[in-house]
Protein chains: 2
Amino acid sequence: MQSASTNSEQNLVTRQIILQAAYEEIYARGFQAASIAKILSTTDVTKGALYHYFPTKLDLGYAVVDELLAEQIQARWIEPLLIADDPISALKEIIIAAGQEISEEDIQCGCPLNNLAQEMSPVDEGFRLRVEAVYKMWRVGTEEAFKQGQRHGLVKQNVDPKNIAIMLVASLEGCIGMAKSAQSKNILYQCGQSIIDYLDGLRG
Amino acid sequence: MQSASTNSEQNLVTRQIILQAAYEEIYARGFQAASIAKILSTTDVTKGALYHYFPTKLDLGYAVVDELLAEQIQARWIEPLLIADDPISALKEIIIAAGQEISEEDIQCGCPLNNLAQEMSPVDEGFRLRVEAVYKMWRVGTEEAFKQGQRHGLVKQNVDPKNIAIMLVASLEGCIGMAKSAQSKNILYQCGQSIIDYLDGLRG
DNA sequence: TGACATACATACCAATCGGTAGGTATAACA
DNA sequence: TGTTATACCTACCGATTGGTATGTATGTCA
């Protein structure tokens, strides 16, 4: 028998508190500059507790990617796309919704996945593999949606869904990154509109 | 009178050695993780010399952006574009040339300007302003080239050169970032081809 | 030739870093 | 009830960080 519910539920709560605080600290400062001490001080968790759940800082970072970021991308960019029949309309709606919901802090900090990709890919292979797994999930999901769209005759037949997926994910990340550097919602919207124009050009 | 040539020339040499080593260290690890000690050990420069030319680490980082990165972008992405009559053909050539000349280390480390943009924009406003100045130069240069192209009837009249410039810079950075995460030249080329296709769609 | 500034060089410093050792309190289980 | 594992907690550690204080060698200039 495993431990009773009372205990293991509390465990997960503490673990989740640490994970969430780590996510925010990493999002704001990057992984390498993220301070364990800061994560502890923003919560009332002690160092012993943190190192009980995560043997190293690296493991904590990995968990943020595997559990939080993968889930975020899945929920926002993949699931609604796969449900829809028309991937072009669906993606346009997702982009517009994302633009509307975005906060000043988000503009300032950009995409948490791309942040980790750019910072950690050359530095730590474990990070790179995990981040790339999320990107691949994103690209494959997008590719599938556009294949479906082609089957339904809603997307041009003479384009390669795989290439479209790569281009879309890349330019979305580029768009967010540009807005982050310029700290400008205008640039975000102008770039988003260009992506939407590109999408409309794929109509079949 | 200023100091004689012998002296001030040597000065600039030492300064340039520091700047170059700093560039490489920052390119490989990011600014915050870049180690002054490492920069000194890869050169035979002492800490006294470094802090003689650059009062703080931040000033050293600023100089890398202002002097090295601005120059790189200008030489590779702006000058050849402004010389040409046809911006679309010119940019295609630049993209193809960049793809051919890129090394494994470059794939691994990505774009030094985008790296600093994503890492430092939320953390230090001085960095953000300097990086954004380079991006703006890049965008404005691209915009001018496309305006010229419109005047010569080589670019569609019903597109906004400013939006095109934003979209191009953003998707180029996104493309390099995606290839860096995937550590894949294939992805770089596929994404680059999509950008070229986009460019061809702008023909007037 | 003497005064002064430039261009380094060396030794040191406080602060912060991630991580660990060793304890305790609690709950599960035999 | 005694044993054992889980879930913490506190105090400490060595290493590294950017930065500084002090000294010196050299070249400039009046």
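Note that the structure is a prediction, hence the values are computed from the model and not measured. Chain letters run A, B, ... following the sequence lines, proteins first and then strands; every chain starts at 1.
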A.B. asks: Please give, in whole Å, the distance from D/dC8 C1' to A/Asp44 CG?
C.D. replies: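 One finds 12 Å between C1' of D/dC8 and CG of A/Asp44, rounded.
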
A.B. asks: Just by distance, no angles: are the side chains of A/Gln108 and A/Glu104 close enough, under 3.5 Å, to form a donor-acceptor pair?
C.D. replies: no

A.B. asks: Rounded to whole Å, how long is the line connecting atom CG of A/Leu50 with atom C1' of D/dT10?
C.D. replies: 15 Å

A.B. asks: Give the rounded distance in Å between these two atoms: CD1 of A/Ile39 and P of C/dG19.
C.D. replies: 11 Å

A.B. asks: Could you write out each protein N or O paired with an N or O of nucleotides 18-23 of chain D at a distance under 3.5 Å?
C.D. replies:
unit_1 : atom_1 : unit_2  : atom_2 : d
D/dG18 : OP1    : B/Ala34 : O      : 2.8
D/dG18 : OP1    : B/Lys57 : NZ     : 3.2
D/dG18 : OP2    : B/Ile36 : N      : 3.2
D/dG19 : OP2    : B/Tyr51 : OH     : 2.9
D/dG19 : OP2    : B/Lys57 : N      : 2.8
D/dG19 : N7     : B/Lys47 : NZ     : 3.2
D/dG19 : O6     : B/Lys47 : NZ     : 2.7

A.B. asks: Over how many whole Å does the gap from B/His52 atom NE2 to D/dT24 atom P extend?
C.D. replies: 19 Å

A.B. asks: What is the distance, to the nearest angstrom, from the CG atom on A/Leu40 to the P atom on C/dC17?
C.D. replies: 11 Å

A.B. asks: Would you please confirm or rule out a distance under 4.0 Å between OP1 or OP2 of D/dT10 and any side-chain N or O of A/Thr46?
C.D. replies: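 Checking D/dT10 against A/Thr46, no side-chain N or O comes under 4.0 Å of OP1 or OP2.
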
A.B. asks: Rounded to the nearest Å, what distance is computed from the CD1 atom of residue B/Ile18 to the P atom of nucleotide C/dC8?
C.D. replies: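 Computing the B/Ile18:CD1 to C/dC8:P distance gives 8 Å.
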
A.B. asks: Any donor and acceptor pair, going by atom type alone, linking the side chain of B/Lys180 with main-chain N or O of A/Ala117 inside 3.5 Å?
C.D. replies: no

A.B. asks: Distance check needed: C/dG18 C1' versus A/Phe54 CZ, whole Å only.
C.D. replies: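 For the pair A/Phe54 CZ and C/dG18 C1', the rounded distance is 16 Å.
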
A.B. asks: Which residue in the set A/Glu132, A/Lys136, A/Glu173 passes side-chain contact (heavy atoms from CB on, under 4.5 Å) when paired with B/Ser181?
C.D. replies: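 Filter result, single survivor: A/Glu132.
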
A.B. asks: Just so I know, are the side chains of B/Ile195 and B/Leu91 near enough to count as touching, which here means a heavy-atom distance under 4.5 Å?
C.D. replies: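 The answer is no; the side chains never approach within 4.5 Å.
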
A.B. asks: So, for A/Glu119 and A/Phe31, which heavy atoms are closest and what is the spacing to 0.1 Å?
C.D. replies: OE1-N, 2.8 Å

A.B. asks: Decide yes or no on side-chain contact (heavy atoms from CB on, under 4.5 Å) for B/Lys92 and B/Ile95, but give the supporting numbers first.
C.D. replies: CA-CA 5 Å; B/Lys92 280 168 70 172; B/Ile95 291 171; 5.7 Å; no

